[in-house]
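Below is one structure, written out as structure tokens, with a few remarks after it.
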Protein chains: 2
Amino acid sequence: MLSYTEENYLKTIYHLSEGGQKSVLTNEIAASLLTKAATVTDMIKKLSQKEFITYEKYYGVNVTKKGKTHALSIVRKHRLWETFLVEKLNFMWDEVHDVAEQLEHIQSPLLIEKLDEFLGYPTADPHGHPIPDKHGKIKQEKQIVLKDAIIDKALTVCAVRNGSSSFLQYLSKIGVSIGVSLIVKERIEFDGSLEVSIQNKKPQLISREAAENILVKE
Amino acid sequence: MLSYTEENYLKTIYHLSEGGQKSVLTNEIAASLLTKAATVTDMIKKLSQKEFITYEKYYGVNVTKKGKTHALSIVRKHRLWETFLVEKLNFMWDEVHDVAEQLEHIQSPLLIEKLDEFLGYPTADPHGHPIPDKHGKIKQEKQIVLKDAIIDKALTVCAVRNGSSSFLQYLSKIGVSIGVSLIVKERIEFDGSLEVSIQNKKPQLISREAAENILVKE
DNA sequence: ATAAAAGTTTAGATTAATCTAAAAAATATT
DNA sequence: AATATTTTTTAGATTAATCTAAACTTTTAT
Ligand SMILES: [Mn+2]
Ligand SMILES: [Mn+2]
Ligand SMILES: [Mn+2]
Ligand SMILES: [Mn+2]
């Protein structure tokens, strides 16, 4: 139905549209995919012609119902594969993204059904991101950005917003992973960094930058 | 290094060159890949330019050392994935080929290392085909085509030569799978079909066509 | 309200993979 | 040995994905 490349564009557009209801702009897509605006314009035309997105010239694109369904199936595959790599093959959580980027394009509904079953129908991937079920339904927990958390309240890490190796390796180093308990002890006015106790250990500083990329629940 | 398409051509050329030492001809490749001779000629030029094969105009191609190494790594991936699908995800042996055809192109040496370990370093895939190790070494058992087997000798099925669903489903139906014991009771002169006892049960007829596609050992 | 800047689209090329039809070479047949 | 047949290659198109440069629209700043 869609080529490998078209799928990557659709998934990216879907992710850029998540949350806000503004249209997704050509340059945003180009930046995400490390490609050029002219290339994006061409692809946009193709995807809108196929009715995965709607497109208003100069004003950006929106994902259609059909587009969202397909995008969610790609996201589902990506996250199930990431889960497989970590749970079954003992990958580190910072090693899985690039491989899943390829595996998400494998076409076989039976494979995904059976993989899901083999993994015990997981609802979140190794980064805490929700895995859509086979109908595209996402079980979303209420989560807060660590940066905005209340002082002295017991929190649990539930996801990361950034899947880069450097960030994930940094988190591993300071002892942060999904499910770990945190308490914010102090917010430093000057640079927005936080003093955080991880698993009730001696508080340590986490930069504002990092705190913006850690999601927690109460 | 090689595109998805180039890998498919290289693997096909490698398989066509297995056994014999004759050059592989343009039309053979075209037939295997359901493509046209003109397309094959172009691809041959590309692969020989990259030194995966040598090419003598009008006389066909041969796989180089470098080409064989790469082809074996694709075959290794294909067969490891097939093994995974059957052993871990409970696919039937006739359902795995098309998915493995896609999975064999995933690029990640780490993934294959870990998959191999997860599967316990298997030496044969669900069809009895040998899985090259990470150095490309194949552990090949001596095997006989059932058609040529000696009458009344105890045999064990070790591989199939044809991976088509229809053939594999037929085999499942008559109770033939890898490891099953067979005894050829009689060879029918007229059409070359064989009367075979499967797992010591009442002998039944197997066509010459089928007997040419079953490999056994003593 | 203009003019400048920023963002987007169009025009024109390029590369990979494919095809059909024509030309060329090798093989088989008389 | 000459001719016919088969096989292979070349020539010329097409489609997908990409790029640069130029043209056009929208937004921002004077
Ligand atoms: Mn991808
Ligand atoms: Mn993830
Ligand atoms: Mn393949
Ligand atoms: Mn196989």
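Letters A, B, ... are given to chains in the order of the sequence lines, protein chains preceding strands, and every chain is numbered from 1. Remember, predicted model here, so these are calculated numbers, not experimental data.
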Residue whose closest nucleotide on DNA chain D lies nearer the 5' end, B:Gly60 versus A:Thr5: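 Going by which nucleotide is closer to the 5' end, it is B:Gly60.
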Length of the line joining [X]:[atom1] and [N]:[atom2], which is rounded to integer Å:
| X | N | atom1 | atom2 | result |
| --- | --- | --- | --- | --- |
| A:Asn8 | D:dA16 | CG | C1' | 15 Å |
| A:Tyr58 | D:dT25 | OH | C1' | 5 Å |
| A:Tyr59 | C:dA6 | OH | C1' | 14 Å |
| B:Lys45 | D:dA11 | NZ | C1' | 10 Å |
| A:Glu28 | C:dG7 | CD | P | 11 Å |
| A:Glu56 | D:dC24 | CD | P | 21 Å |

Please confirm whether the backbone N or O of B:Glu101 pairs with a side-chain atom of B:His105, one donor and one acceptor, at under 3.5 Å?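 The answer is yes, because a donor-acceptor pair under 3.5 Å joins these two groups.
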Give a yes or no answer on whether the side chain of A:Thr39 reaches the backbone of A:Thr35 with a donor-acceptor pair at less than 3.5 Å. no
Is the A:His97 ring parallel, tilted or perpendicular to the A:His78 ring (thresholds 30°, 60°)? tilted
Name the orientation class of the two ring planes belonging to A:His127 and A:Trp93 (parallel below 30°, tilted from 30 to 60°, perpendicular beyond 60°).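 Because their plane-to-plane angle is under 30°, the rings of A:His127 and A:Trp93 count as parallel.
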Pick base, sugar-phosphate or nothing for B:Tyr9, based on heavy-atom distances below 4.0 Å to the nucleic acid.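 The residue B:Tyr9 makes sugar-phosphate contact but no base contact.
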Pick base, sugar-phosphate or nothing for B:Tyr4, based on heavy-atom distances below 4.0 Å to the nucleic acid.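 No contact at all - B:Tyr4 keeps every heavy atom at 4.0 Å or more from the nucleic acid.
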Is B:Lys57 close enough to C:dA26 that one of its side-chain N or O atoms is under 4.0 Å from OP1 or OP2 there? no
Taking only side-chain N and O atoms of A:Tyr55, does any of them lie within less than 4.0 angstrom of OP1 or OP2 on C:dT9? yes
Can you see whether A:Phe118 has A:Lys88 sitting over its ring - NZ or CZ less than 6.0 Å from the centre and within 45° of the normal?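 So A:Lys88 does make the cation-pi contact.
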Among residues 14-27 of chain B, which contact DNA chain D at a heavy-atom distance under 4.0 Å? B:Leu25, B:Thr26, B:Asn27
Contacts of B:Glu209 that satisfy side-chain contact (heavy atoms from CB on, under 4.5 Å) - sequence neighbours left out: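 B:Glu209 satisfies side-chain contact (heavy atoms from CB on, under 4.5 Å) with B:Ser207 only.
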More than 12 heavy atoms from other groups under 6.0 Å of CZ on B:Arg187: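 Yes.
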B:Leu47 and its side chain to side chain contact (heavy atoms under 4.5 Å, CB included) partner, picked from B:Ile53, B:Val63, B:Thr64: B:Ile53
Looking at residues 29-44 of chain B, who's got a heavy atom less than 4.0 Å off DNA chain C?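 When residues 29-44 of chain B is checked for heavy atoms under 4.0 Å from DNA chain C, the hits, listed by number, are B:Thr35, B:Lys36, B:Ala38, B:Thr39, B:Asp42, B:Met43.
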Does a donor on one side chain sit under 3.5 Å from an acceptor on the other, for A:Thr83 and A:Asp125? no
